[in-house]
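Working notes, structure below.
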2 protein chains.
Amino acid sequence: MYSTAQPNSESISSGEAAILEAAEVLFAEKGFDAVSIRAIAGKADVCKANVFHHFGSKEGLYLAVLRSAVTESKQILEELEGASGNQQERLRQFAGRHLRSILGHPHVSRLILREALEGGSERGKELAEKIVGDNFSQLVDLCRAGQKSGELRPELDPALVATLMVAANVFFFEAASVMRHIPEIKFYDDPQAYSAGVMDILLNGMANKKGER
Amino acid sequence: MYSTAQPNSESISSGEAAILEAAEVLFAEKGFDAVSIRAIAGKADVCKANVFHHFGSKEGLYLAVLRSAVTESKQILEELEGASGNQQERLRQFAGRHLRSILGHPHVSRLILREALEGGSERGKELAEKIVGDNFSQLVDLCRAGQKSGELRPELDPALVATLMVAANVFFFEAASVMRHIPEIKFYDDPQAYSAGVMDILLNGMANKKGER
DNA sequence: TAACTGACTGACCGATCGGTCAGTCAGTTT
DNA sequence: AAACTGACTGACCGATCGGTCAGTCAGTTA
């Protein structure tokens with residue numbers, strides 16, 4: 001196999017990477033069908049035929065984008081592991097970092113949300129599972145640990161708790177443009193305050209208070 | 001103006017209504033750009049040109065669909081008003097009914113979620129506000145009433161509480177196809193159990209316990 | 001009856017779509 | 001040098017897109 005020169009810089013547009021990046025942005029913003037190969041090639045400053053040379057078809061390109069988004073997403077979520085303090089503090093940290101990572105990678109987030117919306121048992125949904133799967137289990141384990149340590153009520157379903165945490169963060173991202181126009185909502189541009197408020201309620205609701213049965 | 005015969009049945013496909021209905025389903029399932037006028041006309045059993053006769057353009061049709069979805073959505077949400085019991089019980093009922101109405105009208109829900117995802121300050125986002133706006137305020141008021149009655153902690157942001165409730169329900173709908181494949185999640189096909197569990201945590205987290213400061 | 005309406009249709013249009021193909025070119029490999 | 005590679009391009013293709021148009025037709029109005 002012939003190796004390209006590949007100057008010692010990473011990911012900087014050497015054709016294929018540029019296409020992938022342009023496609024990620026456009027697919028995330030407009031969706032699969034609303035984006036033409038010509039538009040992607042144009043944004044990547046590349047000939048249209050070159051896109052097919054690298055990715056075979058539009059669907060091939062989309063899958064490649066999705067694959068790279070999933071990989072990136074996994075890496076992001078894996079960075080959420082390290083946490084300090086007691087179990088409650090860990091959950092709090094996890095939630096805050098999770099929200100920050102979602103907001104910090106809007107293209108990836110949007111892409112995955114779109115894929116989830118499309119639903120069905122078709123394209124990429126299994127990929128969406130793959131993203132969530134492992135890391136969701138990790139969060140569930142975190143909740144379970146909180147129950148074992150006695151900090152959280154043992155009768156709660158840890159998966160439901162984890163779902164609620166994820167739901168709160170995902171919703172903050174996807175509804176941001178709507179929330180901005182609802183007068184009652186003051187926290188629309190302060191994700192950390194939002195996360196803190198959410199976790200205040202959740203942890204208080206899950207806390208195992210000694211006098212309680 | 002000439003009045004069409006309009007036999008005494010409602011909404012049953014007399015051309016325009018059939019187009020609107022077909023368009024709602026297809027737009028919700030695949031998105032604006034993925035659906036052709038031909039496909040809509042075909043599903044409505046109508047000539048393609050007839051679609052333009054009634055709605056002018058594809059965007060006109062889409063806006064009409066969105067408008068009808070908004071109207072329908074408002075009607076649905078307005079039915080959520082009546083609730084009995086104390087404030088906590090009212091919130092519990094609201095959440096359960098809200099989730100049920102989302103799940104019971106998947107096309108409308110999907111359409112609105114799609115519109116929110118598209119974001120920006122463009123098309124229909126203001127419509128999305130119009131849907132949420134009033135009814136969200138209503139939910140916030142419900143939370144405030146709970147605080148006034150002393151059942152809920154007064155220092156909580158009622159808008160944040162309301163957001164959390166909506167987030168939990170919306171997420172259940174949009175992530176349903178993913179949750180189904182996550183082994184830890186047992187409640188994926190039991191929305192009422194989910195809603196009950198969520199509200200158990202939330203209300204417990206918001207409850208104003210006498211001994212607490 | 002005659003004029004007119006809006007619902008509806010089939011045939012057609014230019015533009016754009018995803019995709020193909022023959023070929024150029026810089027850099028390896030032998 | 002010759003053979004070969006993969007990255008890349010411009011020109012082209014059939015299909016389908018959104019949209020138009022002239023015209024048919026049932027029912028209303030006058």
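A note on names: the letters A, B, ... follow the listed sequences, proteins ahead of strands, and every chain is numbered from 1.
- Residues passing the side-chain hydrogen bond (donor to acceptor under 3.5 Å, both in side chains) test with A:H98 are A:N169, sequence neighbours excluded.
- Between A:K58 atom NZ and C:dC17 atom P there is a gap of 9 Å when expressed in whole angstrom units.
- Distance CD (B:E59) to C1' (D:dG19): 14 Å, rounded to an integer number of Å.
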Watson-Crick and G-U pairing of DNA chain C, under 3.5 Å, as dot-bracket with | and [ ]: ||||||||||||||||||||||||||||||
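- You'll find the side chain of B:D141 stays beyond 4.5 Å of the side chain of B:Q138, heavy atoms only.
- When rounded to the nearest whole Å, the span between CG of B:L26 and P of D:dG18 equals 12 Å.
- Here D:dC17 presents its P atom at 12 Å from CG of B:D33, a figure rounded to the nearest Å.
- Put simply, NE2 on B:H54 is 6 Å from C1' on C:dA7, counting in whole angstrom units.
- Of the residues in residues 37-48 of chain B, those lying under 4.0 Å from DNA chain D by heavy-atom distance are B:I37, B:R38, B:K48.
- Computed from coordinates, the A:L20 CG to D:dA7 P distance equals 14 Å when rounded to whole Å.
- Distance, A:N50 CG to D:dA11 C1': 16 Å, rounded to whole Å.
- The phosphate of D:dT16 has neither OP1 nor OP2 within less than 4.0 Å of any side-chain N or O from B:S36.
- Within 4.0 Å of A:V35, counting heavy atoms only, lie sugar-phosphate atoms of the nucleic acid but no base atom.
- The side-chain heavy atoms of B:V198 and B:F172, taken from C-beta on, include no pair separated by under 4.5 Å.
- A:E184 is listed as a side-chain neighbour of B:R144, based on a closest heavy-atom distance under 4.5 Å.
- Annotation: side-chain hydrogen bond (donor to acceptor under 3.5 Å, both in side chains) contacts of A:D157 (sequence neighbours excluded): none.
- With values rounded to the nearest 0.5 angstrom, A:L63 atom CG is found 7.5 Å from A:S57 atom OG.
- Shown here are the ring-ring contact (aromatic ring centres under 6.0 Å, His included) partners of A:F52, two or more places apart in sequence or in another chain: there are none.
- With sequence neighbours excluded, no residue satisfies side-chain hydrogen bond (donor to acceptor under 3.5 Å, both in side chains) with A:D189.
- Aromatic ring centres of B:F27 and B:Y62: separated by under 6.0 Å.
- Atom NE2 of B:H53 is separated from atom C1' of C:dG6 by 5 Å (rounded to the nearest Å).
- Considering only side-chain atoms of A:F52, the nucleotide from C:dT9, D:dG18, C:dG19 that sits closest is C:dG19.
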